[in-house]
Amino acid sequence: MRGLTRLYLRSFPSLARIPGACPFAWSVLGAIAHATDRIGIATGLTCPILRYHPVIVAQAAATVAIMSDNRFTLAVGGRERLNEHLQGARWPSVPERHDMLGESDRYLRLLW
């Protein structure tokens, strides 16, 4: 097989001030799913605890999975303040984020 076999796209804002460097990942993943038929598609990491509610992540993941004929893989994590502080909310500690991630995982498994 030649070329790419899997594409990972981050779903968090970038501090880079380069136009187009940080598109809305879920729109781009849908476009990739539509434009390709073999390449695996995955989130580089999605944080379903603060910026995105787990229900929204489940809906987005299910949509891309259907559009890609199940070539989609969802990667989730608790993120770090570096990329998430842009929303201006208090940033939880690591144990708090892990607890929140565990709770969101239960929702994601139920809904997707």
Side-chain angles (χ1 to χ4, degrees):
M1 177 179 271
R2 300 179 78 158
L4 298 174
T5 58
R6 181 163 296 277
L7 181 134
Y8 298 88
L9 184 64
R10 66 184 184 187
S11 67
F12 55 87
S14 171
L15 299 179
R17 299 191 190 276
I18 302 166
C22 189
F24 183 63
W26 294 102
S27 297
V28 175
L29 289 167
I32 293 167
H34 175 73
T36 64
D37 59 9
R38 291 189 319 236
I39 191 170
I41 304 165
T43 53
L45 197 67
T46 293
C47 182
I49 61 174
L50 293 171
R51 187 164 29 96
Y52 297 130
H53 191 281
V55 172
I56 300 301
V57 173
Q59 180 186 28
T63 301
V64 175
I66 289 169
M67 291 177 71
S68 68
D69 293 325
N70 290 315
R71 293 178 286 127
F72 178 70
T73 300
L74 176 65
V76 297
R79 298 301 314 149
E80 59 184 338
R81 187 179 183 280
L82 172 68
N83 298 306
E84 299 293 334
H85 77 283
L86 300 174
Q87 64 188 7
R90 180 187 77 79
W91 190 244
S93 67
V94 171
E96 287 178 285
R97 292 197 315 271
H98 286 178
D99 287 344
M100 295 166 79
L101 189 59
E103 183 178 356
S104 73
D105 183 59
R106 289 189 288 279
Y107 288 113
L108 290 169
R109 289 179 188 277
L110 283 171
L111 297 170
W112 182 46

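Remark: R109 engages D105 in a side chain to side chain contact (heavy atoms under 4.5 Å, CB included) (not counting sequence neighbours). Remark: T63 pairs with no residue by the side chain to side chain donor-acceptor pair (under 3.5 Å) rule, at least two apart or across chains. Under the salt bridge (charged side-chain N to carboxylate O under 4.0 Å, His left out) criterion, E103 pairs with no residue, sequence neighbours left out. Qualifying side chain to side chain contact (heavy atoms under 4.5 Å, CB included) partners for A61, counting only residues two or more places apart in sequence or in other chains: W26, F72, L74, W112. Partners of S27 according to the side chain to side chain contact (heavy atoms under 4.5 Å, CB included) rule, which considers only residues two or more places apart in sequence or in another chain, are F24. For I66, the side chain to side chain contact (heavy atoms under 4.5 Å, CB included) criterion is met by no residue, not counting sequence neighbours.
More than 12 heavy atoms of other shown residues, nucleotides or ligands fall within 6.0 angstrom of atom CD in E96.
Closest heavy-atom contact between M67 and G30: CE-O, 3.3 Å. In terms of heavy atoms, A58 sits closest to L111 at CB-CB, 3.7 Å. Counting all heavy atoms, side chain and backbone alike, I39 lies closest to R71 at O-NH1, 2.6 Å. Nearest heavy atoms, A42 versus R6: CB-NH1, 4.1 Å.
Under the side-chain contact (heavy atoms from CB on, under 4.5 Å) test applied with V76, the options P54, S104, P48, C47 reduce to a single match, P48. The only option from L9, V28, I32 that meets the side-chain contact (heavy atoms from CB on, under 4.5 Å) definition with I41 turns out to be I32.
Rounded to the nearest 0.5 Å, atoms OH (Y8) and OG1 (T73) are 7.0 Å apart. Atom OG1 of T46 and atom CG of L29 lie 8.0 Å apart (nearest 0.5 Å).
Clustering ILVMFWY residues whenever any of their side-chain heavy atoms sit less than 4.5 angstrom apart, transitively, puts I49 in the very cluster that holds Y52. When hydrophobic clusters are built by joining Ile, Leu, Val, Met, Phe, Trp and Tyr residues whose side-chain heavy atoms come closer than 4.5 Å, directly or via intermediates, M100 is not grouped with L110.
Residues Y107 and V57 have side chains not in contact (no heavy-atom distance under 4.5 Å, counting atoms from C-beta outward).
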